[in-house]
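Because the structure is a prediction, the values reported are computed rather than measured.
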Amino acid sequence: MTISSLVTVAGPFTGNGIVVSHPFAFKVVVAADVVVYLTAVGGSPVLQTLTTHYTITGLGVEGGGTIEMVTPPASGEVLYIKADYDDDGVSEI
């Protein structure tokens, strides 16, 4: 049996107070299948909220899309984008 490996994490992206666009290279069908975490310097990861903290483009695109932060991560903050699929490993429609 062959086990395939899916890349379902993008980052880390280190903030600079300017860049708001952060790409991911995995297919996501619905926005709820993505989670975004932002970690302040010396802090713990904080789950970001869709529309409050970010928007998402590229839903349904095989090659992925982009997370657009409402406010650019500050210098030293670290951003991660992760797929959060259901138990079957497939982004649900």
Side-chain angles (χ1 to χ4, degrees):
M1 174 201 296
T2 302
I3 298 174
S4 62
S5 175
L6 277 168
V7 175
T8 57
V9 176
F13 300 103
T14 302
N16 63 6
I18 299 169
V19 176
V20 294
S21 297
H22 304 283
F24 59 90
F26 45 88
K27 184 177 180 180
V28 174
V29 177
V30 295
D33 285 343
V34 171
V35 290
V36 176
Y37 290 98
L38 187 63
T39 305
V41 176
S44 298
V46 176
L47 180 63
Q48 303 296 286
T49 305
L50 181 64
T51 68
T52 301
H53 299 114
Y54 69 93
T55 60
I56 185 171
T57 63
L59 294 177
V61 176
E62 285 293 330
T66 304
I67 294 297
E68 299 283 335
M69 298 300 291
V70 172
T71 303
S75 253
E77 289 184 322
V78 178
L79 182 85
Y80 282 94
I81 304 164
K82 180 180 178 294
D84 187 24
Y85 301 126
D86 290 332
D87 291 340
D88 62 3
V90 176
S91 179
E92 299 298 320
I93 296 175

Can you name the closest pair of heavy atoms from [X] and [Y] and give their distance?
X	Y	result
Pro12	Val78	CB-CG1, 3.5 Å
Ala10	Pro23	CB-O, 3.5 Å
Tyr80	Gly11	CE2-C, 3.9 Å
Pro72	Gly17	CG-O, 3.3 Å
Phe26	Thr8	CE2-C, 3.6 Å
Val70	Tyr54	CG2-N, 3.8 Å

Using the side-chain contact (heavy atoms from CB on, under 4.5 Å) criterion, which residues pair with Ser21? Sequence neighbours excluded. Thr66, Glu68
Can you list the residues that meet the side-chain contact (heavy atoms from CB on, under 4.5 Å) rule with Ala31, with sequence neighbours excluded?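 Here the qualifying residues are Leu50, Ile56, Leu59.
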Co-membership, hydrophobic cluster, residues Val61 and Val34, 4.5 Å side-chain: no
Evaluate the side-chain contact (heavy atoms from CB on, under 4.5 Å) criterion for residues Leu79 and Val36: first the C-alpha distance (whole Å), next the side-chain angles of each, then the deciding distance (0.1 Å), finally the verdict. CA-CA 7 Å; Leu79 182 85; Val36 176; 3.4 Å; yes
Distance in Å, Phe13 CZ paired with Leu38 CG, rounded so as to fall on 0.5 Å steps: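 Rounded to the nearest 0.5 Å, the CZ-CG separation comes to 12.5 Å.
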Take Val29 and Lys27 through the side-chain contact (heavy atoms from CB on, under 4.5 Å) test and state the conclusion after the steps. CA-CA 7 Å; Val29 177; Lys27 184 177 180 180; 4.1 Å; yes
ILVMFWY cluster membership beyond Tyr37 - transitive side-chain contacts under 4.5 angstrom: Val35, Leu47
Please check: side-chain N/O of Glu62 versus main-chain N/O of Gly60, any donor-acceptor pairing under 3.5 Å? no
